[in-house]
**Q** 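Before we start, here is the structure in question, set down as structure tokens.
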Amino acid sequence: MIQISNLSKKYGETVVFSDLNYTFENACIYGLVGRNGAGKTTLLNILSNYEKNYTGVISIDRKKMNKVDYLDMPVAYAMDQPSFFNELTIYENLLLIASSRKIKKQEAFDKIERILDGLGLKKYENYSPLELSKGTMQRLNNACAMIQEEKITIFDEPFSGLDPVQMKLLENVIVEFHKKEKGIYIISSHDIECLQNVCDKCLLLHNGQIREINMEEVDREEIAKILSEGE
Ligand SMILES: Nc1ncnc2c1ncn2[C@@H]1O[C@H](COP(=O)(O)OP(=O)(O)OP(=O)(O)O)[C@@H](O)[C@H]1O
């Protein structure tokens, strides 16, 4: 469970959140939507402890997040601007991340195989990240987060740059991995159709507040209307 209490965040004069409260329940996949500049990335950066300059309290399983090191957090984060170890192969990148999370070797080998197969990345396992297309880098970025098996997995625009076949593969892998791990997945995306295929709940971030909608009740036109308010 992630509890956000009285979160406020400003960049200079720009207020992104003012007294935001929300609780993410375990074993749930959340889709986060909101128009450009609504604060989606800022919220994900705060939840992953990447952004520490805010007021309010974030608790994970009732334990206050004390702005510790990223690697001490039970959070895996596929950021919108990925970075890799370019001198290592794709396989070695995944292995390094798994070992940094203290996943046992054999378990890591099995998991890497499953992720490479699931995301159609097997043929790139000996490539350097520098040799990948933008869409394939995005797939590797998603794989790097999923390999970590954390309680909380956060994806910022994971479908961006993927072709329809790759989008479907990613949807399948997200559902399959989540079924096994039963953690909290938070997926920020402008692609509501993809979110509807994988998420349990839709979170609409608007005017610094979160409105929760059950995925089956999501009305795309209504969301588009809300998101265009004030444009
Ligand atoms: N480092 C920064 N310095 C100053 N302002 C920032 C910074 N990062 C974000 N902002 C501002 O904070 C607000 C929220 O930005 P954020 O990137 O979180 O929105 P977003 O919902 O992820 O947008 P998008 O859909 O375009 O990715 C915007 O007004 C943005 O201009």
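Numbering of ligands and ligand atoms starts at 1, following listing order. Just so we're clear, the structure is a prediction, and the values are computed from it rather than from any experiment.
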**Q** When you look for heavy atoms under 4.0 Å from ligand 1, do you find them on the side chain of Val16, its backbone, both, or neither?
**A**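 The answer is the side chain.
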
**Q** Is the side chain of Lys111 donor-acceptor paired with the backbone N or O of Met146 at a distance under 3.5 Å, no angle test?
**A**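 Yes, because the side chain of Lys111 sits within donor-acceptor range (under 3.5 Å) of the backbone of Met146.
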
**Q** Look up atom 30 (C) of ligand 1 and tell me if a protein heavy atom lies less than 4.0 Å from it?
**A**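 There is no protein heavy atom less than 4.0 Å from atom 30 (C) of ligand 1.
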
**Q** What residues form a side-chain contact (heavy atoms from CB on, under 4.5 Å) with Met167, not counting sequence neighbours?
**A**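 With sequence neighbours excluded, Met167 shows a side-chain contact (heavy atoms from CB on, under 4.5 Å) to Phe159, Leu162, Asp191, Cys194, given in chain and number order.
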
**Q** Considering only non-hydrogen protein atoms, determine which one is nearest to atom 24 (P) of ligand 1 and report residue, atom name and distance to 0.1 Å.
**A**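 It is Asn36 ND2, 3.5 Å.
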
**Q** Could you tell me if the ring centre of Tyr30 sits under 6.0 Å from that of Tyr185?
**A**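 No - the distance between ring centres of Tyr30 and Tyr185 does not fall below the 6.0 Å cut-off.
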
**Q** With a 3.5 Å distance limit and no angle check, can you tell me whether Glu51 reaches the backbone of Asn53 through a side-chain donor-acceptor pair?
**A**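 Yes; judged by distance alone, with no hydrogens or angles, the pair exists.
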
**Q** Is the side chain of Ser8 donor-acceptor paired with the backbone N or O of Asp19 at a distance under 3.5 Å, no angle test?
**A**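 Yes: the side chain of Ser8 pairs with the backbone of Asp19.
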
**Q** Counting only heavy atoms, which portion of Thr14 has something under 4.0 Å from ligand 1: side chain, backbone, both, or neither?
**A**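 Within the 4.0 Å criterion, Thr14 contacts ligand 1 through side-chain atoms alone.
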
**Q** Quick test: of every protein heavy atom, which one is nearest to atom 14 (C) of ligand 1, and how far off is it to 0.1 Å?
**A**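 Among all protein heavy atoms, the one nearest atom 14 (C) of ligand 1 is Gly37 O, 3.3 Å.
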
**Q** Going by the atom numbers of ligand 1, which of them fall below 4.0 Å from some non-hydrogen atom of His190?
**A**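 That gives atoms 25 (O) of ligand 1.
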
**Q** Hey, which atoms in ligand 1 end up nearer than 4.0 Å to a heavy atom of Arg35?
**A**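 So the atoms of ligand 1 that pass are 21 (O).
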
**Q** Give the atoms of ligand 1, by number and element, whose distance to some non-hydrogen atom of Lys40 is under 4.0 Å.
**A**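 Those qualifying, in numeric order: 18 (O), 19 (O), 20 (P), 21 (O), 22 (O), 23 (O), 24 (P), 25 (O).
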
**Q** Tell me whether ligand 1 is touched by Gly34 - counting only heavy atoms on the residue side and a distance under 4.0 Å.
**A**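 Flag not set, Gly34 not near ligand 1.
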
**Q** Just by distance, do the side chain of Lys179 and the backbone of Glu176 share a donor-acceptor pair under 3.5 Å?
**A**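 No, Lys179 side chain to Glu176 backbone: no donor-acceptor pair under 3.5 Å.
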
**Q** Is it true that a side-chain atom of Asn26 and a backbone atom of Met1 form a donor plus acceptor pair closer than 3.5 Å?
**A**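 The answer is yes, because a donor-acceptor pair under 3.5 Å joins these two groups.
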
**Q** Considering the heavy atoms of Thr42, write down every atom of ligand 1 situated less than 4.0 Å from one of them.
**A**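 This gives 14 (C), 15 (O), 16 (P), 18 (O) as the contact atoms.
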
**Q** Distance-only, no hydrogens or angles: does the Ser48 side chain make a donor-acceptor pair with backbone N or O of Leu44 under 3.5 Å?
**A**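 Flag set: sc Ser48 to bb Leu44 pair under 3.5 Å.
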
**Q** If you have a sec, work out which protein heavy atom is nearest atom 19 (O) of ligand 1 and how many Å separate them, to one decimal?
**A**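 Looking only at protein heavy atoms, the one closest to atom 19 (O) of ligand 1 is Gly39 N, 3.2 Å.
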
**Q** Does ligand 1 have any atom sitting under 4.0 Å from a heavy atom of Glu157?
**A**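 Heavy atoms of Glu157 never come under 4.0 Å of ligand 1.
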
**Q** How far is atom 17 (O) of ligand 1 from its nearest protein heavy atom, and which residue and atom is that?
**A**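 In this structure, atom 17 (O) of ligand 1 has Thr41 CB, 3.8 Å as its nearest protein heavy atom.
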
**Q** Whether the side chain of Glu131 engages the backbone of Ser128 through a donor-acceptor N/O pair (distance < 3.5 Å, no angle test) should be reported.
**A**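 Checking the backbone N and O of Ser128 against the side chain of Glu131, a donor-acceptor pair under 3.5 Å is found.
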
**Q** Specify the protein heavy atom at minimum distance from atom 3 (N) of ligand 1: its residue, its atom name, and the distance to 0.1 Å.
**A**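 Going by distance alone, atom 3 (N) of ligand 1 is nearest to Tyr11 CD2, 3.6 Å.
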
**Q** Answer yes if a protein heavy atom lies under 4.0 Å from atom 8 (N) of ligand 1, otherwise answer no.
**A**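 Yes; the ligand atom in question has protein heavy-atom contact below 4.0 Å.
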
**Q** Stepwise, does the side-chain hydrogen bond (donor to acceptor under 3.5 Å, both in side chains) test hold for Glu212 with Tyr22?
**A** CA-CA 9 Å; Glu212 182 190 293; Tyr22 186 74; 2.6 Å; yes

